[in-house]
Amino acid sequence: MLITGTFLDEISHDIPHQNWGPKEWDKDFGHMKSMGIDTVILIRCGYRRFMTYPSEYLSKTFGAHQPPIDLVGLFLELAEKHGMSFHFGLYDSGIYWDTGDLSHEIESNRFVIDEVWKRYGHHPAFKGWYLSMEISRRTIGATEAFRSLGMMCKEASGGLPTFISPWIDGKKAVMAASPELTKQEAVGLEEHEREWNEIFATFKGAVDAVAFQDGHIDFHELDDFFRVNKAMADRHGLQCWTNAESFDRDMPIKFLPIKFEKLRLKLEAARRQGYDKAITFEFPHFMSPQSAYPQAHHLFNRYMEYRQSLQS
């Protein structure tokens with residue numbers, strides 16, 4: 001189970017911006033290619049007032065700032081150059097994080113989807129969509145939002161695939177701004193399966209793959225939760241990916257590159273359960289040889305050694 005996809009987090013509020021331009025991004029796509037990455041996913045095209053492309057709609061509706069560079073256009077060009085598929089992540093207005101209600105995201109993304117497809121749909125590398133709203137349980141408006149937005153994406157693009165990346169409500173599922181590393185109450189395996197079976201049942205025809213984030217449960221729990229996730233995905237006709245987080249949730253500093261041993265444990269658990277694909281959050285910050293974190297340079301080296309050992 002090798003990593004073949006990565007998120008690109010250029011609109012973030014809890015990890016630092018690296019201030020890369022086209023030259024640095026081109027170099028990083030080369031590094032990604034060297035470790036076997038064939039899929040890049042823009043985690044979100046905008047968050048509140050910041051955006052990755054010059055959207056007239058987001059500027060007028062949310063007062064979003066004009067970006068200094070069109071990153072969506074750049075990423076599509078680099079994906080084509082390096083032989084990768086690009087998945088576009090939808091807009092996050094922040095209203096869900098303020099209210100706990102996902103239904104607000106439907107209306108704003110209705111216009112973003114149409115705007116983006118008209119502007120970038122001709123690019124050969126544009127191969128899919130990421131429904132960027134993150135949930136862990138039965139959130140208000142979640143099933144309606146994912147179903148509606150998934151169908152909007154497909155209708156606009158002629159059926160291109162969509163995927164989601166929820167988290168498991170385990171003991172490490174604490175807010176990034178919280179000083180705590182764990183919480184007392186965590187979802188049990190049976191409750192997790194019951195809730196997600198109900199959610200997945202509403203996705204038919206709208207969502208093609210699910211990539212649960214793997215960092216919110218303890219390492220000894222991986223096999224049990226991964227087995228349940230794969231069984232549910234198979235039951236509902238979804239591809240089962242793993243979002244192998246390459247940052248460490250066990251450290252008091254949020255967030256640093258993960259210890260390689262932990263990343264390997266997670267990837268091997270996904271392999272044992274027969275997952276379809278491994279993606280990571282995310283290569284540029286936490287695994288790149290040119291990351292702002294020196295630990296990421298070494299994580300890249302350790303991963304490449306591991307990859308070589310599996311292919312020899």
Side-chain angles (χ1 to χ4, degrees), residues 7-14 41-67 70-73 75-76 86-123 126-167 175 195-196 198-211 213 238:
F7 284 103
L8 306 175
D9 187 7
E10 275 303 287
I11 297 291
S12 180
H13 59 278
D14 53 15
I41 308 118
L42 182 65
I43 195 165
R44 56 186 72 86
C45 68
Y47 177 63
R48 298 188 189 265
R49 292 181 184 269
F50 287 92
M51 53 187 180
T52 56
Y53 74 102
S55 167
E56 293 183 14
Y57 168 75
L58 294 178
S59 294
K60 292 177 181 178
T61 308
F62 294 95
H65 310 299
Q66 284 294 316
D70 180 353
L71 285 170
V72 174
F75 291 159
L76 281 163
F86 174 85
H87 288 242
F88 180 89
L90 301 185
Y91 174 67
D92 185 344
S93 71
I95 296 175
Y96 160 61
W97 301 109
D98 297 335
T99 66
D101 187 347
L102 263 178
S103 60
H104 297 284
E105 304 304 325
I106 299 175
E107 192 63 23
S108 59
N109 276 292
R110 184 189 311 277
F111 297 98
V112 167
I113 291 165
D114 287 340
E115 181 182 58
V116 163
W117 187 250
K118 288 176 183 175
R119 187 181 183 110
Y120 303 106
H122 64 282
H123 281 270
F126 199 131
K127 297 296 186 181
W129 306 84
Y130 171 55
L131 310 183
S132 61
M133 297 71 63
E134 298 178 30
I135 65 170
S136 64
R137 309 287 287 268
R138 287 178 292 192
T139 302
I140 298 172
T143 55
E144 179 187 358
F146 284 128
R147 184 175 61 251
S148 297
L149 292 171
M151 293 308 298
M152 288 180 201
C153 289
K154 287 178 172 293
E155 289 166 5
S157 63
L160 288 184
T162 65
F163 84 98
I164 63 172
S165 187
W167 77 87
M175 297 299 291
E195 291 185 359
W196 278 98
E198 294 176 4
I199 295 170
F200 285 162
T202 70
F203 285 176
K204 189 174 181 61
V207 177
D208 299 289
V210 57
Q213 301 168 30
L238 299 168

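Position 1 is the first residue of the sequence, and the numbers go up from there.
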### Query
Can you name the nearest heavy-atom pair linking W167 to Q213, along with the distance?
CB-OE1, 3.5 Å
#### Entry: Residues that T61 engages under side-chain contact (heavy atoms from CB on, under 4.5 Å), provided they are two or more places apart
Y57
### Query
Quick one: does L149's side chain get under 4.5 Å of M133's, heavy atoms only?
yes
### Task
Over 60° means perpendicular and under 30° means parallel, so classify the ring planes of F88 and W129, tilted if in between.
perpendicular
### Task
Provide the closest heavy-atom pair for E105 versus I95 in the form atom of the first, atom of the second, distance.
OE2-N, 3.8 Å
### Query
If every non-hydrogen atom of G94 is compared with every non-hydrogen atom of Y47, which pair is closest and at what distance?
CA-CE1, 4.2 Å
#### Entry: pair V210-F203: side-chain heavy atoms closer than 4.5 Å
no
### Task
With side chain to side chain contact (heavy atoms under 4.5 Å, CB included) as the test, would you mind laying out the steps for R147 and V207 before giving the verdict?
CA-CA 7 Å; R147 184 175 61 251; V207 177; over 6 Å; no
### Message
Would you say the rings of F86 and Y120 are close, in the sense that their centroids are separated by under 6.0 Å?
### Response
no
### Task
Look at E134 together with R44 and state whether they make a salt bridge at an N to O cut-off of under 4.0 Å.
yes
### Task
Indicate the atoms forming the closest heavy-atom contact of C45 with V112, along with that distance.
SG-CG1, 4.0 Å
### Task
Report the distance from atom CG of N109 to atom SG of C153, rounding to the nearest 0.5 Å.
7.5 Å
## Note on the structure
d(E107 CD, H104 NE2) to nearest 0.5 Å is 11.5 Å
